[in-house]
Colleague: 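Take this structure first; my questions come after.
Chain A is the first sequence line, chain B the second, and so forth, proteins listed ahead of strands; every chain is numbered from 1.
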2 protein chains.
Amino acid sequence: MKPPSPPEAHLEAWRRYYVSFWRIFAAIEADLQAAGLPSLSWYDALYELYLAPGRHLRMSALARSALLSRSGLTRLVDRLEQEKLIERKSCPKDGRVQHAMLTDRGVETLRKIWPVYRAGIAKYFAAHLTEAEAKEFARVVGKIAAAMQPAQSGDTAGASCKPAR
Amino acid sequence: MKPPSPPEAHLEAWRRYYVSFWRIFAAIEADLQAAGLPSLSWYDALYELYLAPGRHLRMSALARSALLSRSGLTRLVDRLEQEKLIERKSCPKDGRVQHAMLTDRGVETLRKIWPVYRAGIAKYFAAHLTEAEAKEFARVVGKIAAAMQPAQSGDTAGASCKPAR
DNA sequence: GCTGGATAGTTGCATACGCAACAAGAAGAC
DNA sequence: GTCTTCTTGTTGCGTATGCAACTATCCAGC
């Protein structure tokens, strides 16, 4: 019973995946910072709320969507609330639960970030793919993302890991 | 002159790319931590040194390879040196330059990390791709990685961004 | 040789993150 | 009703990161 050993093509694919992701990510973050805008962490959280029905989610659900630990999310929500981009709402049905709710100011911020983010995606990612390549890429990566679905549970369970800046 | 707007297929590809990467990354980091092994940051740096001729690189070169800022690398090298996985060597030709050199203990550590890392790649990434898909994937992602090559220069220039854990 | 500017790496400080411990509340057993 | 156990979010602490400022060194012009 040796550990599964991916064939060479798969390893090379991973290596390039890894490197290109970090580079694109760093480049987009740099663009956002240069434009005086918040980082992708903020965007991710705000956008998940924007998509949610009623523009609010409970903390733990948001943590999963935003790929953060519960404690990481608490702090992120602290910062977002300080900037008045979201509001905390206690749940009347369950006293333990807090909901994060997107404010109008939050929506406005999303709208400011998106053009820069979109331009970054175009420049650093999309520019290198034909339409057909993008479709095939989306299909394959979709399989991976779908398979990794849960990864949830508490602080623990490695549900997390986001960059510092 | 409106900003370049990637077509829908490209945006969807990016979205899935982003999500799947974080999930795979988090899962692999969790596996490494569960095995009591250092994180991928350490692996990346050690592996770059392993590949380098003479198993050493100057700090700034290593920072680029390891996708860290110069200051981030200084601290990472501090930690690696404390664990005796690398050694700092001053360059006799240029007093400003420091070289990080992989020790035998460092090689040994690499060899301990790799099976766990490889198994993670297999489980979370490779398992979902056929050989043909992996080859196509590598080709396309390779184009992206190649285009993003430099991103270098000092602390600044967004050459960086690595996760906190 | 000297001097002024460029370059390499380090350090102070601020920030963002995870984990473990915790507090508040809910839900089930009885 | 009360007690135990589980769940949810928060807090203390340690750690990893980037940026800006700094030091030491090199190099080009003179």
Colleague: Return the value, rounded to whole Å, for the distance between atom CZ of Arg58(B) and atom C1' of dT25(D).
Modeller: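 So the CZ-C1' distance, Arg58(B) to dT25(D), works out to 12 Å.
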Colleague: For the side chain of Ser41(B), counting heavy atoms from C-beta on, which of dG9(C), dG25(C), dT17(D) is nearest?
Modeller: dT17(D)
Colleague: So, is Ser90(A) close to the dG9(D) phosphate, meaning a side-chain N or O under 4.0 Å from OP1 or OP2?
Modeller: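 No, no such contact exists.
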Colleague: Grab the CZ-P distance between Arg64(B) and dT7(C) for me, whole Å please.
Modeller: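 In whole Å, dT7(C) P lies 13 Å from Arg64(B) CZ.
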Colleague: How many Å lie between CG on Leu57(B) and P on dA8(C), as a whole number?
Modeller: 14 Å
Colleague: Is the phosphate of dT11(C), meaning OP1 or OP2, less than 4.0 Å from a side-chain N or O of Thr74(B)?
Modeller: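 Negative; the distance criterion is not met.
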Colleague: Where does the angle between the aromatic ring planes of Tyr47(B) and Tyr50(B) fall among parallel (under 30°), tilted (30 to 60°) and perpendicular (over 60°)?
Modeller: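 Tyr47(B) and Tyr50(B): parallel rings.
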Colleague: Is there a donor N/O on one and an acceptor N/O on the other, under 3.5 Å, for the side chain of Ser71(A) and the base of dC19(C)?
Modeller: yes
Colleague: Do the side-chain N or O atoms of Arg88(B) get closer than 4.0 angstrom to the phosphate oxygens (OP1, OP2) of dG9(C)?
Modeller: no
Colleague: Taking donor-acceptor contacts at under 3.5 Å, does the side chain of Arg96(A) reach the base of dG9(D)?
Modeller: no
Colleague: So, does Arg79(B) get its side chain near the phosphate of dT17(D), meaning an N or O under 4.0 Å from OP1 or OP2?
Modeller: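 Answer is yes, contact under 4.0 Å.
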Colleague: For the pair made of CG in Leu76(A) and P in dG9(D), what is the distance, rounded to whole Å?
Modeller: 14 Å
Colleague: Of all the choices, dA8(C), dT17(D), dT10(C), which nucleotide is nearest to the side chain of Gln98(B) once you look at every atom?
Modeller: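 Given the options dA8(C), dT17(D), dT10(C), the side chain of Gln98(B) is closest to dT10(C).
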Colleague: Write down the distance between NE2 (His99(A)) and P (dT10(D)), rounded to a whole number of angstrom.
Modeller: 12 Å
Colleague: Check the angle between the aromatic planes of Phe21(B) and Tyr17(A) and answer parallel, tilted or perpendicular using the 30° and 60° thresholds.
Modeller: perpendicular
Colleague: Are OP1 or OP2 of dT10(D) and a side-chain N or O of Arg70(A) less than 4.0 angstrom apart?
Modeller: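 Result: no.
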Colleague: Indicate yes or no: at least one non-hydrogen side-chain atom of Leu62(B) is less than 4.5 angstrom from one of Met59(B).
Modeller: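 The answer is no, as the side chains (C-beta and beyond) never meet within the 4.5 Å cut-off.
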Colleague: What integer distance in Å separates Trp42(A):CH2 from dT15(C):P?
Modeller: 11 Å
Colleague: Which of parallel (below 30°), tilted (30 to 60°) and perpendicular (above 60°) describes Phe125(B) and Phe137(B)?
Modeller: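 Because their plane-to-plane angle is over 60°, the rings of Phe125(B) and Phe137(B) count as perpendicular.
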Colleague: Report the distance from atom CZ of Phe25(B) to atom C1' of dC17(C), rounded to the nearest whole Å.
Modeller: 12 Å
Colleague: Please report the distance, rounded to the nearest Å, between CZ in Arg75(A) and P in dG18(C).
Modeller: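 Spelled out: CZ on Arg75(A) to P on dG18(C) is 10 Å.
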Colleague: Go nucleotide by nucleotide along DNA chain C from the 5' end; which of Lys93(A) and Ala61(B) gets its closest nucleotide reached first?
Modeller: Ala61(B)
Colleague: Let's go through Trp22(A) and Phe25(B) carefully: what are the C-alpha distance in whole Å and the side-chain angles of both, what is the deciding distance for ring-ring contact (aromatic ring centres under 6.0 Å, His included) to 0.1 Å, and is it a yes or a no?
Modeller: CA-CA 11 Å; Trp22(A) 283 122; Phe25(B) 182 80; 5.5 Å; yes
